[in-house]
Amino acid sequence: QVQLVESGGGLVQPGGSLTLSCAASGSGFSITSMGWYRQGLGQQRRLVASVSDDSTEYTDSAEGRFTISRDNAKNTVTLQMNSLKPEDTAVYYCHVRIREWGGRRYDFWGQGTQVTVSS
């Protein structure tokens with residue numbers, strides 16, 4: 001089983017920056033992708049950005065402002081968020097997709113960290 005620890009959420013003014021980090025730990029598996037999703041009030045949980053072994057993906061609203069990076073050696077993923085807007089306000093969830101040694105794949109989610117963009 002994988003365990004996720006998220007950090008970096010908080011309150012920031014419009015135009016400001018925040019950095020979210022997620023660290024995964026465990027054994028008996030390999031991580032195939034890591035990323036961040038967000039869910040605003042009354043909204044669906046939606047992808048913000050993710051990175052796998054061979055690709056990086058951003059939602060349209062994030063591309064150009066946010067940067068996702070992955071450190072495979074440390075099993076961490078970092079989301080650098082710049083030029084934040086009020087509409088970025090949401091609970092952000094770390095997501096990992098793993099493959100067990102036996103070949104079965106699973107998805108795991110962090111507990112969520114609040115990001116609030118307000119003046």
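Quick note: numbers below take in every heavy atom, side chains included, and nothing from hydrogens, waters or symmetry partners. All values derive from a computational prediction rather than experimental measurement.
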Query raised in the report: Any side-chain heavy-atom pair from Pro86 and Ser118 closer than 4.5 angstrom?
Result: no
Query raised in the report: What distance do Arg65 atom CZ and Ser17 atom OG have between them, rounded to the nearest 0.5 Å?
Result: 10.0 Å
**Report entry** Which atom of Thr32 lies closest to which atom of Arg99, heavy atoms considered
**Finding:** CG2-CB, 4.1 Å
**Report entry** Lys NZ or Arg CZ of Arg46 over Tyr37 ring: under 6.0 Å, within 45°
**Finding:** no
Requested in this report: Please name the residue in the list Val12, Val117, Leu79 that meets the side chain to side chain contact (heavy atoms under 4.5 Å, CB included) test with Leu18.
Outcome: Val12
Report task. Would you check if Met81 and Val115 make a side-chain contact, meaning some heavy-atom pair closer than 4.5 Å? Result -> yes
Query raised in the report: With a 4.5 Å heavy-atom cut-off, do Cys22 and Trp36 have their side chains touching?
Result: yes
Report task. Describe, in one word, how the ring planes of Trp109 and His95 are oriented to each other, choosing from parallel (under 30°), tilted (30 to 60°) and perpendicular (over 60°). Result -> tilted
Query raised in the report: Hey, are the side chains of Tyr58 and Thr67 touching, using non-hydrogen atoms and a 4.5 Å cut-off?
Result: yes
Report task. Quick one: pull up CD in Gln43 and CD in Glu87 and give me the separation to the nearest 0.5 Å. Result -> 11.5 Å
Query raised in the report: Can you tell me how far CG of Asp88 sits from OG of Ser61, rounded to the nearest 0.5 angstrom?
Result: 6.5 Å
Query raised in the report: Would you say Arg38 and Arg45 make side-chain contact, with heavy atoms under 4.5 Å?
Result: no
Query raised in the report: Can you tell me if Gln39 and Gln44 form a side-chain donor-acceptor pair at under 3.5 Å?
Result: no
Query raised in the report: Taking C-beta and beyond as the side chain, do Val77 and Cys94 meet within less than 4.5 Å on heavy atoms?
Result: yes
**Report entry** Ile68 side, atom CD1; Glu57 side, atom CD - distance, nearest 0.5 Å
**Finding:** 10.0 Å
Query raised in the report: Any side-chain heavy-atom pair from Thr76 and Met34 closer than 4.5 angstrom?
Result: no
Query raised in the report: Does the pair Ile31 and Asn75 meet the rule for a side chain to side chain contact (heavy atoms under 4.5 Å, CB included), with working shown?
Result: CA-CA 8 Å; Ile31 297 175; Asn75 289 330; 3.9 Å; yes
Requested in this report: Measure across Leu4 and Gly110 and return the closest heavy-atom pair with its distance rounded to 0.1 Å.
Outcome: CD1-N, 3.5 Å
Requested in this report: Kindly compute the distance separating OH (Tyr93) from OG1 (Thr113), expressed to the nearest 0.5 Å.
Outcome: 10.0 Å
Query - Close side-chain approach of Ser33 and Ser50, heavy atoms under 4.5 Å - result: no
Query raised in the report: Near Gln3 CD, under 6.0 Å, is it more than 12 heavy atoms from other residues, nucleotides or ligands?
Result: no
Report task. Report the distance from atom OG of Ser30 to atom CZ of Arg105, rounding to the nearest 0.5 Å. Result -> 8.0 Å
Query - Non-hydrogen atoms of Val2 and Ala24 that approach each other most closely - result: CG2-CB, 3.9 Å
**Report entry** Stepwise side chain to side chain contact (heavy atoms under 4.5 Å, CB included) check, Gln111 with Val91
**Finding:** CA-CA 9 Å; Gln111 80 283 354; Val91 177; over 6 Å; no
